[in-house]
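Throughout, a chain's letter reflects where its sequence line sits, starting with A, and its residues are numbered from 1.
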Amino acid sequence: MPRLTLVTDGDRHVVVTRRFDASPEAVYRAHTEPALVRQWMLGPDGWTMPTCESDLRPGGAIRYEWRNADGAGFHLTGEWVALEPFSRLVHVERMHLPDPTPDNHIETRFEADGTGTLMTMRMTLPDAATRAAMLETGMAEGMEASYQRLEALGLAV
Amino acid sequence: MDDVFFALSDPTRRAILSRLTAGEATVMELAEPFAISQPAVSQHLRVLERAGLIVRRIDGTRRPCRLSPDGLAAIEPWLAQFRAALEANYHRLDALLAPAPPTQEPDRCPD
């Protein structure tokens, strides 16, 4: 059931679409309320989000921290730019690995689609090299690999 | 792939790649916007070249650099990995959004 599409657009954008069998309000809440976000935004199996903080107003801070069973971890910080219940979100985020990655500007739209919701997430990176770095990082899978590489480089403490 | 990851992990090297999207450049031209020496830039260029992200040609004493035609374009495998991470997320979200089974007490979302 190919409900997810993921495409690059130009040099700096990545566009993700996904349909959900729930109302725009439910999907919007799952993308904003920390108690819900921490239950699903985990990447590959084996990761948890022990810290999930989000100040849901323009300029409000976002902080998500992930851990796996081996004790490896990383975190994300960001800021909300716009929150329009239950149709549109704009935020900026960056990973800390531990050095911060360049800002990823993300606009997420939620549109009613029959009995469900069509979500469209448009990411804007500063340039093509940063976009490539983000895609290769691939969230937690890439993180795990990056920690292994750090160990191989003798940089991990 | 490891070489590429290492090459892209450094902000100066990403900036050099960005500069090269505007066209071919020499070491001196690349060093100009950065507060680092030409030898340091040359070191970065060696990393980028080894990763297959740039190519260099010989022009007398100059060795101008340009983006490799295959370098950053080869992001398909990374898209697949990113996609897999997103799929895992959204499968969990589907489960979260599914109506609670009728045998359970209905959960009420706080308003």
Undergrad: To check you understand the geometry: which heavy-atom pair defines the closest contact between A:Ala30 and B:Leu93, and what is its length?
TA: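 Looking at all heavy atoms of both residues, the closest pair is CB-CD1, 3.3 Å.
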Undergrad: Highest number of heavy-atom pairs under 4.5 Å with chain A: which of B:Leu97, B:Leu17, B:Leu53?
TA: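 Heavy-atom pair counts peak at B:Leu97.
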Undergrad: Please classify the contact of A:Val27 with chain B as side chain, backbone, both or neither, using a heavy-atom distance under 4.5 Å.
TA: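 Both parts, heavy atoms under 4.5 Å.
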Undergrad: Using the ring of each side chain (for Trp, its six-membered ring), is B:Tyr90 parallel, tilted or perpendicular to A:His31, with breaks at 30° and 60°?
TA: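 Rings of B:Tyr90 and A:His31: tilted, 30 to 60°.
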Undergrad: Are A:Val37 and A:Phe86 linked, directly or through intermediate hydrophobic residues, by side-chain heavy-atom contacts shorter than 4.5 Å (ILVMFWY only)?
TA: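 Result: yes, single cluster for both.
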Undergrad: Treat each ILVMFWY residue as a node, draw an edge where side-chain heavy atoms are under 4.5 Å apart, and state whether A:Val90 and A:Tyr28 are in one component.
TA: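 Unlinked, A:Val90 and A:Tyr28 end up in two clusters.
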Undergrad: For the atom pair OG1 (A:Thr101) and CG (B:Leu8), what is the distance rounded to the nearest 0.5 Å?
TA: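 Rounded to the nearest 0.5 Å, the OG1-CG separation comes out at 12.5 Å.
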Undergrad: Pick one of side chain, backbone, both or neither for A:Ala129, based on which atoms fall under 4.5 Å of a heavy atom in chain B.
TA: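 Contact with chain B involves both backbone and side-chain atoms of A:Ala129.
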Undergrad: Membership question, hydrophobic clusters at under 4.5 Å side-chain separation (ILVMFWY): are A:Val15 and A:Phe20 in the same one?
TA: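 Per the 4.5 Å side-chain linkage, A:Phe20 and A:Val15 are not co-clustered.
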Undergrad: With a 4.5 Å heavy-atom cut-off, do B:Asp94 and A:Arg18 have their side chains touching?
TA: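 Yes, at least one pair of side-chain atoms sits under 4.5 Å.
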Undergrad: Do the side chains of B:Leu48 and B:Ile36 join up, straight or via other hydrophobic residues, at under 4.5 Å, putting them in one cluster?
TA: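 They do share one cluster, since a chain of ILVMFWY contacts under 4.5 Å joins B:Leu48 to B:Ile36.
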Undergrad: Nearest 0.5 angstrom please: A:Leu135 CG to B:Arg83 CZ, how far?
TA: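 Result: 13.0 Å between the selected atoms.
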Undergrad: What part of B:Leu96 is in contact with chain A, defined as an atom under 4.5 angstrom from a non-hydrogen atom: side chain, backbone, both or neither?
TA: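 Contact with chain A: side chain only.
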Undergrad: Inspect the surroundings of CZ in B:Arg57 and state if more than 12 heavy atoms from other residues, nucleotides or ligands are less than 6.0 Å away.
TA: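 Atom CZ in B:Arg57 is crowded, with more than 12 foreign heavy atoms closer than 6.0 Å.
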Undergrad: Ignoring hydrogens, what is the shortest heavy-atom contact between A:Met123 and B:Phe82? Give both atom names and the distance.
TA: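 Smallest heavy-atom distance, with atoms named: CE-CZ, 3.8 Å.
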Undergrad: Considering only heavy atoms and a distance below 4.5 Å, find which of A:Met119, A:Arg131, A:Gln39 pairs most often with chain B.
TA: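 Option with the top pair count is A:Gln39.
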Undergrad: For A:Glu53, is the CD atom crowded, meaning more than 12 foreign heavy atoms sit under 6.0 Å from it?
TA: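 Atom CD in A:Glu53 is crowded, with more than 12 foreign heavy atoms closer than 6.0 Å.
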Undergrad: Do A:Val81 and A:Leu76 sit in the same hydrophobic cluster, where Ile, Leu, Val, Met, Phe, Trp and Tyr count as joined when their side-chain heavy atoms come under 4.5 Å apart?
TA: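 Each belongs to a different hydrophobic cluster.
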Undergrad: Nearest 0.5 Å, please: how far is CG in A:Asp127 from CZ in B:Arg14?
TA: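 So the gap between those two atoms works out to 8.0 Å.
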